[in-house]
Structures are given as C-alpha cells and as structure tokens.
Novice: 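Submitted below is the structure of interest, expressed as structure tokens.
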Protein chains: 2
Amino acid sequence: MDNNLSGDELLKLLEALSNPYRLKIIAVLYEERQYVSQLARELGISRPLLYLHLQKLEDVNLVKGQLEVSENGKAMKYFELNPFVLNLNQQLIFDLSKTLTLKRNSN
Amino acid sequence: MDNNLSGDELLKLLEALSNPYRLKIIAVLYEERQYVSQLARELGISRPLLYLHLQKLEDVNLVKGQLEVSENGKAMKYFELNPFVLNLNQQLIFDLSKTLTLKRNSN
DNA sequence: ACCTCCTGTAATAAATATATTACACGTGTA
DNA sequence: TACACGTGTAATATATTTATTACAGGAGGT
C-alpha cells in the first residue's frame with residue numbers, strides 16, 4: 001500500500017478528478033496561482049460554476065484558497081495547487097477496497 | 001509524460017474509476033476472474049446494474065469479458081482484469097490537459 | 001413439463017452532478 | 001453618483017449517472 005488514504009478518500013479523490021474543468025483548473029494552477037474571477041475568464045465558465053468546482057477540489061485537498069487584499073484594496077481570492085501524487089494500480093484499489101463504503105453492503 | 005494516453009482518455013479512465021462499485025469490481029477481479037451472475041451476488045447488486053458498471057470498465061479497457069460454455073453446458077460470461085498502472089500527478093494532468101476537450105472552449 | 005441458473009437488454013425511475021440566473025455587498029476611481 | 005471589478009451564495013433548471021423492474025431466451029436436471 002503506497003498511500004495512507006482510505007478507500008472512501010480514494011473514491012472522493014477520483015470523483016474530484018473526473019471532470020474536464022477540474023482537470024483544467026489543476027493544469028492552470030500548476031503554472032501559477034490565480035484568483036477566482038480571472039480563473040473563470042480563462043476557463044470560460046461562470047464564477048458560480050467555478051466555485052462549485054473549486055469547492056470539490058478543495059474538499060479533497062487538491063487545491064487551497066486564500067482571501068487576500070490586493071495593493072489597490074480589492075479582495076482577491078487566490079487559489080493554488082497542493083502537491084500530490086498517486087500511484088494508481090490494481091493492487092492499491094484492492095487494498096483500499098477494504099475501507100470502501102458501499103451503500104448496500106454485502107462484499 | 002509517463003503515459004501514452006490523451007487528456008480525454010485520462011478523463012474517461014478517471015470517470016470509470018470514480019464509483020464505489022466499480023472499484024469493488026476491480027478489487028474482486030484482482031483476486032480471480034468471475035462470471036457476471038456470481039459477481040452480482042458478491043456485490044449485492046442486480047445484474048442489469050452490474051452490466052452497466054462492467055460496460056464502463058470495459059470501455060476504458062480496465063476489464064475484459066468473454067463468453068464461455070461451462071462443463072455443464074451453461075453459457076457463462078467471465079470477466080477478468082486487464083493490467084494497468086497510472087502515476088497520477090500534477091505534471092501529468094498539466095501535460096494531458098492540452099489534449100482535453102472542454103464543451104465550451106476558450107483557453 | 002417445470003424448475004433452476006445462466007445471458008442479455010429495453011424502458012423507466014430516482015438520485016446526483018453540472019450549469020445558469022439573479023441577487024447582495026465592498027472598494028477604488030472618473 | 002455611477003461604473004468597473006472583485007467576492008459570495010441562493011434558487012433553479014438541465015443533464016447525466018445510477019438503479020430498478022420487467023422482459024425474452026437457452027441449457028440441464030427432476
């Protein structure tokens with residue numbers, strides 16, 4: 001087992017990553033941190049939608065946001081990437097499946 | 001870039017993996033190949049639903065199914081795991097984001 | 001003939017995820 | 001004051017995914 005997360009956490013992480021905008025957000029933030037409005041423009045989506053995506057990324061700790069006040073006095077919420085790496089393979093899934101919750105049990 | 005897949009393929013793979021039953025299916029098949037009805041019983045879900053999940057896994061080549069005829073003459077559809085490994089990290093996502101399709105473009 | 005156990009799928013319902021619209025509010029500047 | 005640009009969220013609509021129900025059909029065994 002190469003990671004210290006649970007099956008449920010793995011699942012949440014995979015869910016967070018399984019959306020094109022969220023992947024794109026990661027790609028953009030990989031180059032440099034950015035504030036919400038600007039990020040929305042770059043991605044071509046509305047701020048409310050972006051918030052939703054950022055939320056999901058933040059929930060699994062892929063991303064971190066902080067509100068700052070710029071020189072000109074404006075409140076800016078900057079987001080940046082948290083480092084992460086996951087070696088995904090069958091063995092890992094097998095191991096973590098033991099701590100994975102299914103709605104209806106059995107297993 | 002440690003893999004030869006496109007951004008869209010990566011996304012499909014992540015989507016295929018972001019469901020508890022599908023992870024569980026992988027975990028079960030990691031131990032041994034299994035036929036559909038038995039697999040459905042082990043997971044505690046209906047066959048139609050299992051078919052749906054197997055379909056998604058097969059679509060991204062995580063799994064492979066073949067229809068066989070057992071000794072007692074019954075048709076059995078066995079599924080087994082295809083080997084796979086994916087080193088998931090920010091760099092990879094950044095690289096593959098270039099071949100990732102967003103509904104509305106920009107960027 | 002009837003029961004059991006298997007494959008396969010169509011039609012539909014229910015649950016979630018994604019996306020839009022419309023707000024409210026703050027600060028700096030013309 | 002009005003405008004531009006930022007944050008934040010509630011309410012709602014739309015789309016997609018997940019789940020169920022109800023079939024049809026084949027082969028072996030009693």
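These numbers were taken from a predicted model, which means no experiment stands behind them. Letters A, B, ... are given to chains in the order of the sequence lines, protein chains preceding strands, and every chain is numbered from 1.
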Novice: Does any N or O in the side chain of B:R33 come within less than 3.5 Å of the main-chain N or O of B:G65, such that one atom is a donor and the other an acceptor?
Specialist: no

Novice: Once you round it to whole Å, what is the distance between P of D:dT7 and CG of A:L54?
Specialist: 11 Å

Novice: For the residue pair A:L81 and A:Y30, what are the closest heavy atoms and their distance?
Specialist: CD2-CA, 3.7 Å

Novice: Closest approach of B:R47 and B:S37, non-hydrogen atoms and distance?
Specialist: CD-OG, 3.3 Å

Novice: Using five pairs at either end of the helix from C:dA1-D:dT30 to C:dA30-D:dT1, determine the angle between the two local helix axes and round it to 10 degrees.
Specialist: 20°

Novice: Does D:dT9 have OP1 or OP2 under 4.0 Å away from a side-chain N or O of A:R47?
Specialist: no

Novice: When the ring planes of A:Y35 and A:Y78 are compared, do they come out parallel, tilted or perpendicular, using 30° and 60° as the limits?
Specialist: perpendicular

Novice: Heavy atoms only, 4.0 Å cut-off, all strands: where does B:V69 land among base, sugar-phosphate and nothing?
Specialist: nothing

Novice: Let's see if you can work this out: which of C:dT7, D:dA19, D:dT7 has an atom nearest to the side-chain heavy atoms of A:Y51?
Specialist: D:dT7

Novice: Please state how far atom CD in B:Q38 lies from atom P in C:dT7, giving the value in whole angstrom units.
Specialist: 10 Å

Novice: Expressed in angstrom and rounded to an integer, what is the separation of B:L50 atom CG from D:dT17 atom C1'?
Specialist: 16 Å

Novice: Report the nucleotide, chosen from C:dA19, C:dG8, D:dG6, that has the shortest atom-to-atom distance to any side-chain atom of A:R41.
Specialist: D:dG6

Novice: Using only atom types and a distance under 3.5 Å, with no angle test, would you say the side chain of A:E42 pairs donor to acceptor with the backbone of A:L39?
Specialist: no

Novice: Ignoring the backbone of A:S46, work out which of C:dT7, C:dT21, D:dG8 is nearest its side chain.
Specialist: C:dT21

Novice: Starting at the 5' end of nucleotides 10-16 of chain D, put B wherever the base has a protein heavy atom under 4.0 Å, S where only the sugar-phosphate does, and a dash everywhere else.
Specialist: -------

Novice: Could you check A:G73 against A:L52 and say which one's nearest nucleotide on DNA chain C is further toward the 5' end?
Specialist: A:L52

Novice: On a heavy-atom basis, which atom in A:K24 and which in B:L100 lie closest, and how many Å separate them?
Specialist: N-CD2, 4.3 Å

Novice: Kindly say whether A:N61 contributes a backbone atom to a donor-acceptor pair with the side chain of A:N82 at under 3.5 angstrom?
Specialist: yes

Novice: Which pair of non-hydrogen atoms, one from A:L102 and one from B:P20, has the smallest distance, and what is that distance?
Specialist: CD2-CB, 3.4 Å

Novice: Taking NE2 from B:H53 and P from C:dT9, how many angstroms apart are they, rounded to a whole number?
Specialist: 17 Å

Novice: Choose from C:dG8, D:dA19, D:dT7 the nucleotide whose nearest atom is closest to any side-chain atom of B:K77.
Specialist: C:dG8

Novice: To the nearest Å, how far apart are B:E58 CD and C:dT7 P?
Specialist: 14 Å

Novice: Within the side chain of A:D8, is there an N or O that forms a donor-acceptor pair under 3.5 Å with the backbone of A:T101?
Specialist: yes

Novice: C:dT7, D:dG6, D:dT18: which one has an atom nearest the side-chain heavy atoms of A:K74?
Specialist: D:dG6

Novice: Using a heavy-atom cut-off of under 4.0 Å over every strand shown, decide if A:I45 touches base, sugar-phosphate, or nothing.
Specialist: nothing

Novice: Is there side-chain contact between A:Q34 and A:F79, with heavy atoms separated by less than 4.5 Å?
Specialist: no

Novice: Of all the nucleotides listed (C:dC6, D:dT20, D:dT18), which has the minimum atom distance to the side chain of B:Y35?
Specialist: C:dC6

Novice: For A:Q34 and D:dC5, what is the distance between atoms CD and C1' respectively, to the nearest whole Å?
Specialist: 14 Å

Novice: Rounded to whole Å, how long is the line connecting atom CD of A:E15 with atom P of D:dT17?
Specialist: 13 Å

Novice: Whole angstroms only, please: what is the CG-P distance between A:L39 and D:dT7?
Specialist: 10 Å

Novice: Look at B:S37 and C:dT7 and indicate whether a side-chain polar atom (N or O) is within less than 4.0 Å of OP1 or OP2.
Specialist: yes

Novice: Can you tell me if B:N72 touches the phosphate of D:dA27, counting only side-chain N or O atoms and a distance under 4.0 Å to OP1 or OP2?
Specialist: no

